[in-house]
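The structure appears right after this line, and notes come after that.
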2 protein chains.
Amino acid sequence: MLSNSSKYAIKAVLFLALNSSEKNKVMAKDISQPINVPQAYIAKLLQELVKEKIVSSVRGAKGGFYLDDKNLNHSIMSIVNVIDGEKRLNSCMMSLKKCNEEKPCPLHSILSTSRSQILNSLKSKTIKDLVEEVELGNAFLPL
Amino acid sequence: MLSNSSKYAIKAVLFLALNSSEKNKVMAKDISQPINVPQAYIAKLLQELVKEKIVSSVRGAKGGFYLDDKNLNHSIMSIVNVIDGEKRLNSCMMSLKKCNEEKPCPLHSILSTSRSQILNSLKSKTIKDLVEEVELGNAFLPL
DNA sequence: TCCTAAATATGATTTTTATCATATTATATT
DNA sequence: AATATAATATGATAAAAATCATATTTAGGA
Ligand code: FES
Ligand code: FES
């Protein structure tokens, strides 16, 4: 479904959303442990997100990663797109050249509605939305 | 979502369902081209399916692969399970240790219903079901 | 019984994904 | 300005997935 890297990235972003701010930056090494992803690995992923302006950062002493209000309004899909690329989730499930509505493969008929729901959720839900779920106690973030 | 291998395997099985029978076996090399998967690759995948009795085969002259009535009643999920293993589709989408209904991650809340629908379809739909869709002209099998 | 055809077992190679490591650059503090 | 700190750029290594290759086994036909 999602790559490991995307999953890690989402965890890290949510962690930042909950535990950082412009005046309270968090270093890679302090993200690594609570989300259970190796430091060098999460650092690299965060760098890609910074490049796409989904995460903010400043380097040097007192530096670190954080999310500002603009960052918080990005969709979950935008994270996945940066890390996994656009086509991972919408290619044909039977590996036809392309997923084709006019000439759907047999799996298309039975799976594409559910898949669209997933894609739509990922597109419409923002980081902020998920954070709210956690704050309301409807969702959890262990490891 | 599904691995390449699983997608290839499903294509091959559907091709066999439509073009083979006990008295009309099809060789790996004659499956390879129409489904657009390299011969050595599809042969290996089919061997795994034979081992799990999802596909039938006989070797030697006049041999080849085919599906019998029993084979046709296997679910699509059974193919995926043989090729990808059981946990590819139901692990936590944020890579928590396990997908946990009691302490769901933020993605769980928004995605798990759709994912369950996908899993249920894959479990309930048999090879025969999909073949019927193709025969009715509701689904297609190019490349 | 031989010969040929085809799957099977096995494993090698390539590509992609995941993971680790480090030298460089930018920032704050002294 | 000098130093320490932390991200960044870059690339190396490891593991997994995808792909390719081949010797062995089994079945049919001459
Ligand atoms: S998923 Fe195969 S055509 Fe859409
Ligand atoms: S998908 Fe994360 S807990 Fe179910």
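In what follows, every heavy atom counts, from backbone to side chain, and hydrogens, waters and symmetry copies are set aside. These figures come from a predicted structure and were not determined experimentally.
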Rounded off to whole Å, could you give me the NZ-to-P distance for the B/Lys87 and D/dA16 pair?
11 Å
If we ignore hydrogens and angles and just use 3.5 Å, is the side chain of B/Lys53 paired with the main-chain N or O of B/Val50 as donor and acceptor?
no
C/dT19, D/dG29, D/dT19: which one has an atom nearest the side-chain heavy atoms of B/Lys62?
D/dG29
Please confirm whether the backbone N or O of B/Gly64 pairs with a side-chain atom of B/Ser57, one donor and one acceptor, at under 3.5 Å?
no
Nearest-Å distance, NZ (B/Lys25) to P (C/dA6)?
11 Å
Taking only side-chain nitrogens and oxygens of B/Tyr8, does any of them come within less than 4.0 Å of OP1 or OP2 of D/dT19?
yes
Rounded to whole Å, the CE-P distance (B/Met27 to C/dA5) equals 10 Å
Nearest to the B/Ala40 side chain among C/dT8, D/dA21, C/dA28, which nucleotide is it?
D/dA21
Rounded to whole Å, NZ of A/Lys23 lies from C1' of C/dA28 at a distance of 17 Å
Quick note, B/Ser57 side chain, CB onward, closest among D/dA18, C/dT8, C/dA18 is C/dT8
From D/dA18, D/dA7, C/dA18, nucleotide with atom closest to B/Tyr41 side chain
D/dA18
From D/dG28, C/dA7, C/dA18, pick the nucleotide closest to the side chain of B/Arg59?
C/dA7
Specify the residue among B/Gly60 and A/Val58 whose closest nucleotide of DNA chain C lies further upstream toward the 5′ end.
B/Gly60
Rounded to whole Å, the CZ-C1' distance (B/Arg88 to D/dA16) equals 11 Å
Write down the distance between CZ (A/Phe65) and P (D/dT5), rounded to a whole number of angstrom.
17 Å
Whether the side chain of B/Asn81 engages the backbone of B/Ser78 through a donor-acceptor N/O pair (distance < 3.5 Å, no angle test) should be reported.
no
So which nucleotide from C/dA7, D/dA7, D/dA12 ends up closest to the side chain of A/Lys44?
D/dA12
Hey, is the main chain of A/Leu107 close enough, under 3.5 Å, to the side chain of B/Lys125 for a donor-acceptor pair?
no
Side chains of A/Ser5 and A/Tyr41: any donor to acceptor distance under 3.5 Å?
yes
Of the nucleotides C/dT19, D/dA6, D/dA9, which one has an atom closest to the side chain of A/Lys51?
D/dA9
Find the distance B/Leu16:CG to C/dA6:C1' and express it as a whole number of Å.
15 Å
Presence of A/Ser3 side-chain N/O under 4.0 Å of C/dT17 phosphate oxygens OP1/OP2:
no
Nearest-nucleotide pick for A/Ser5, side chain only, options being C/dA18, C/dT8, D/dA18:
C/dA18
Would you check if B/Lys11 and B/Leu141 make a side-chain contact, meaning some heavy-atom pair closer than 4.5 Å?
no
Residue whose closest nucleotide on DNA chain D lies nearer the 5' end, B/Ala61 versus A/Gln39
A/Gln39
Touch check for A/Ala43, heavy atoms < 4.0 angstrom, all strands: base, sugar-phosphate only, or nothing?
nothing
Assuming nearest nucleotide by heavy-atom distance, tell me which of A/Pro38 and B/Gly64 is located more 5' along DNA chain C.
B/Gly64
Please give, in whole Å, the distance from D/dA17 P to B/Leu2 CG?
14 Å
